[in-house]
Amino acid sequence: MFSCYFLRRSHWHCQSALRFLHIARSVHHLPNPSWPHELAASSSLSSHASKFLAYASTLPHPAHLPNFLTYLKALPSHKRATHFMYAYRTASGSAAHDGGERGAGERLERLLELRDVKNVVVVVVRWYGGVKIGSERWKCISEVAKQALDHWQLQRDSSSPSPKGRK
C-alpha cells in the first residue's frame, strides 16, 4: 500500500497545519529490493511554499545508512529536494547530518535520544519554496520527524508478536 497526502494551501503556516496532520496520517510501505526494511513516512507539510516530509526506518548498523540515503534520493519525487537532513541511533552509536539546515541534524538526534529508540534512522526532506521561514522551520522539521517516528514505532510494535496470556 502506498498512499500520499498532500496538504495544499497557499502560505499555509506550520502552526495551523499541525491540527490537520493527525487526520492525514499514513504509513507508507515502499517496496525496494535494495532496502529490506519497511519505511514509515509522515504526511507532507507545507509552510510558506516550502514542503517538509520525513521518513523513519529500521537501521541495524550504521554501515547500511548510505544504501538507505541512496534509495531515498533516487525516488522520483525527491529529485528536486533541496535538503536531506538525518539522524540515526544504533547500539554502536549515533550521528547526524544537517543537510544544509544548520542545527537540524542535532535536533533530530536529540529527538531520537528523548524517545529512547535504537536501530532507527529518521530523514527529513525539504523542498525550499523561495521564502525564508526562520524559526518556523524547526517546528515543521520536528513535527514531521515525530510523525514518521510514531508511524515507525506503531509499525514495529504491530509486527512483533504479542505475549500470550495477556488481556
Side-chain angles (χ1 to χ4, degrees), residues 1-6 14 21 24-47 50-129 133 135-161:
M1 174 178 108
F2 181 82
S3 56
C4 291
Y5 292 96
F6 294 99
C14 183
L21 283 175
R25 286 190 168 183
S26 174
V27 175
H28 299 239
H29 301 278
L30 301 175
N32 176 21
S34 65
W35 186 250
H37 305 286
E38 289 191 26
L39 185 65
S42 70
S43 299
S44 169
L45 176 63
S46 297
S47 178
S50 283
K51 184 173 132 183
F52 298 84
L53 186 62
Y55 297 95
S57 186
T58 301
L59 185 70
H61 191 274
H64 298 130
L65 182 66
N67 188 25
F68 180 63
L69 294 174
T70 299
Y71 165 60
L72 283 181
K73 289 178 180 182
L75 292 173
S77 60
H78 295 117
K79 295 281 186 189
R80 294 183 182 247
T82 51
H83 303 283
F84 277 88
M85 52 215 100
Y86 65 83
Y88 69 83
R89 192 165 183 236
T90 64
S92 61
S94 65
H97 178 67
D98 292 335
E101 289 281 358
R102 198 171 75 196
E106 293 169 1
R107 183 175 286 259
L108 294 172
E109 188 174 18
R110 181 72 180 136
L111 177 63
L112 296 178
E113 289 174 17
L114 290 172
R115 294 229 174 171
D116 195 30
V117 291
K118 290 193 176 166
N119 297 331
V120 64
V121 58
V122 63
V123 178
V124 176
V125 182
R126 179 182 181 192
W127 291 263
Y128 179 66
I133 60 176
S135 63
E136 192 172 323
R137 72 180 185 258
W138 303 121
K139 295 173 192 169
C140 296
I141 290 168
S142 294
E143 183 59 33
V144 295
K146 287 176 187 176
Q147 193 180 99
L149 284 170
D150 287 344
H151 291 168
W152 175 77
Q153 286 180 313
L154 179 67
Q155 182 178 319
R156 185 186 63 172
D157 293 345
S158 67
S159 66
S160 63

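Scope of the values below: all heavy atoms of this structure, side chains included, with no hydrogens, waters or symmetry mates.
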Looking only at heavy atoms, which two atoms of [X] and [Y] are closest? And how far apart?
X: His37; Y: Thr58; value: CD2-O, 3.7 Å
X: Ala87; Y: Gly105; value: CB-O, 3.9 Å
X: Ala41; Y: His151; value: O-ND1, 2.8 Å
X: Ala145; Y: Leu111; value: CB-CD2, 3.8 Å
X: Val117; Y: Gln153; value: CG1-NE2, 3.1 Å
X: Asp98; Y: Ala104; value: OD1-N, 3.4 Å

Can you measure from [atom1] ([X]) to [atom2] ([Y]) and round to the nearest 0.5 angstrom?
X: Leu108; Y: Tyr86; atom1: CG; atom2: OH; value: 11.0 Å
X: Leu53; Y: Ser44; atom1: CG; atom2: OG; value: 6.0 Å
X: Leu75; Y: Thr70; atom1: CG; atom2: OG1; value: 11.0 Å
X: Lys51; Y: Ser46; atom1: NZ; atom2: OG; value: 7.0 Å

Any [X] side-chain heavy atom under 4.5 Å of [Y] side chain:
X: Phe68; Y: Ser57; value: yes
X: Cys140; Y: Leu45; value: yes
X: Tyr88; Y: Val122; value: no
X: Val123; Y: Val125; value: yes
X: Phe84; Y: Val124; value: no
X: Leu72; Y: Leu39; value: yes
X: Val120; Y: Leu112; value: yes

Applied to residues 70-91, the salt bridge (Lys or Arg N to Asp or Glu O under 4.0 Å) test, sequence neighbours excluded, yields Arg89-Asp116

What I want to find out is whether Glu143 reaches Lys146 closely enough, with some N-O distance under 4.0 Å, to be called a salt bridge. no

Going by atom types only, do Arg137 and Ser50 share a side-chain donor-acceptor pair under 3.5 Å? no

Note to self: If only side-chain N and O atoms count, and only distance matters, is there a donor-acceptor pair under 3.5 Å linking Tyr55 with His78?
What the structure shows: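 Yes, side-chain donor-acceptor contact under 3.5 Å.
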
Run the salt bridge (Lys or Arg N to Asp or Glu O under 4.0 Å) test on Glu136 and Lys139 for me, step by step, so that the C-alpha distance in whole Å, both residues' side-chain angles and the decisive distance to 0.1 Å come before the verdict. CA-CA 5 Å; Glu136 192 172 323; Lys139 295 173 192 169; over 6 Å; no

Would the number of heavy atoms belonging to other residues, nucleotides or ligands and lying under 6.0 Å from CD of Glu106 be above 12?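 At most 12 heavy atoms, drawn from other residues, nucleotides or ligands, come within 6.0 Å of this atom.
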
* **Step-by-step side-chain contact (heavy atoms from CB on, under 4.5 Å) determination, Arg107 to Ser142** => CA-CA 8 Å; Arg107 183 175 286 259; Ser142 294; 3.6 Å; yes

Can you list the steps and then say if Arg126 with Met85 is a side-chain contact (heavy atoms from CB on, under 4.5 Å)?
CA-CA 8 Å; Arg126 179 182 181 192; Met85 52 215 100; 4.0 Å; yes

Verdict with reasoning, Lys118 to Thr90, per side-chain contact (heavy atoms from CB on, under 4.5 Å) = CA-CA 5 Å; Lys118 290 193 176 166; Thr90 64; over 6 Å; no

| request: Look at the rings of His64 and His61 and say which category their plane angle falls in: under 30° parallel, 30 to 60° tilted, over 60° perpendicular. | output: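 Plane angle over 60°, so perpendicular.
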
Under the 3.5 angstrom rule, does the side chain of Gln147 hit a backbone N or O of Ser43 as a donor-acceptor pair? yes

Tyr128 meets the ring pair (Phe, Tyr, Trp, His ring centres under 6.0 Å) criterion, sequence neighbours left out, with none

